[in-house]
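Below, each value reflects all heavy atoms present in this structure, side chains not excepted, and no hydrogens, waters or symmetry copies. Everything numeric here is computed off the predicted structure, so don't read it as measured data.
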Amino acid sequence: FDITDSRPTCNRFSNQWEPWSMSDWRTTWRSSWKESQVRNRPALIAAMATDMKNDAILVYQTLFSVSMKRRPTAVCLTDDEAVLYDQKVLFLKRLILCFAACRLQSSHESNGENMKPWPFRLA
């Protein structure tokens, strides 16, 4: 497993951080996991890496979608829905800050003790 496979790409041809078409959004929301992958370790790891990448994109879109150039039209929320949405976004921001403050680490080994700093930027 290489954790860098879980990082969304951004180059001059595509930017996975900002899905544009409905097809891109469907791909981002769809899980790549299938029951048959349970017995196929390489396929399971690939599916997990893809889902982890898509989760990172969805968290980014939840926290920063208001800043996007091509953001979708704002959905009208009731006052109660707006409060709940703001609470969820605030929770995610605090969780990410907690990861940063606690110096989240990872290991390339199964249950390894050789810990390295988390390879993704948290801000």
Side-chain angles (χ1 to χ4, degrees):
F1 174 72
D2 185 357
I3 197 146
T4 57
D5 292 339
S6 300
R7 181 178 302 174
T9 59
C10 181
N11 57 43
R12 64 185 191 140
F13 301 108
S14 72
N15 183 357
Q16 290 181 323
W17 287 107
E18 296 182 9
W20 176 242
S21 68
M22 287 303 289
S23 174
D24 291 342
W25 280 109
R26 274 193 294 275
T27 301
T28 303
W29 276 101
R30 184 181 320 124
S31 175
S32 58
W33 185 84
K34 294 176 182 61
E35 185 72 33
S36 61
Q37 295 168 327
V38 171
R39 291 178 293 283
N40 183 344
R41 185 177 170 101
L44 180 61
I45 290 172
M48 290 172 65
T50 300
D51 284 350
M52 191 171 171
K53 175 174 61 174
N54 290 338
D55 289 344
I57 293 167
L58 292 171
V59 168
Y60 172 80
Q61 288 298 322
T62 301
L63 297 176
F64 304 108
S65 62
V66 175
S67 303
M68 288 176 46
K69 292 178 190 173
R70 298 180 306 234
R71 69 177 176 260
T73 306
V75 177
C76 294
L77 301 175
T78 66
D79 289 341
D80 291 339
E81 290 172 333
V83 168
L84 289 173
Y85 176 80
D86 290 343
Q87 287 175 345
K88 289 174 186 171
V89 170
L90 187 57
F91 169 78
L92 288 172
K93 288 180 179 181
R94 288 177 176 164
L95 180 63
I96 291 170
L97 285 173
C98 178
F99 286 160
C102 294
R103 296 185 180 178
L104 180 65
Q105 297 183 334
S106 64
S107 175
H108 291 284
E109 307 159 7
S110 295
N111 295 322
E113 293 182 16
N114 185 15
M115 304 300 280
K116 295 184 179 171
W118 186 248
F120 301 107
R121 290 175 293 187
L122 294 175

List the steps and the verdict of side-chain contact (heavy atoms from CB on, under 4.5 Å) for Leu58 and Trp25. CA-CA 10 Å; Leu58 292 171; Trp25 280 109; 4.1 Å; yes
Find the distance between [atom1] ([X]) and [atom2] ([Y]) and round it off to the nearest 0.5 Å.
X	Y	atom1	atom2	answer
Thr28	Glu18	OG1	CD	12.0 Å
Thr27	Gln16	OG1	CD	10.0 Å
Asp24	Met22	CG	CE	10.0 Å

Under the rule for side chain to side chain contact (heavy atoms under 4.5 Å, CB included), what residues qualify as partners of Leu90, not counting sequence neighbours?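 Leu90: side chain to side chain contact (heavy atoms under 4.5 Å, CB included) contacts with Arg94.
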The side chain to side chain contact (heavy atoms under 4.5 Å, CB included) partners of Trp33 (sequence neighbours excluded) come to Ser31, Glu35, Gln37, Val38, Leu44, Asp51
Checklist entry - Is the count of non-hydrogen atoms from other residues, nucleotides or ligands lying under 6.0 Å from Asp79 atom CG greater than 12? => result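 Count not over threshold, so no.
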Practice item. Heavy atoms only: give me the nearest Ser32-Ala47 pair and the separation to one decimal. Key: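 So the two residues come closest at OG-O, 3.2 Å.
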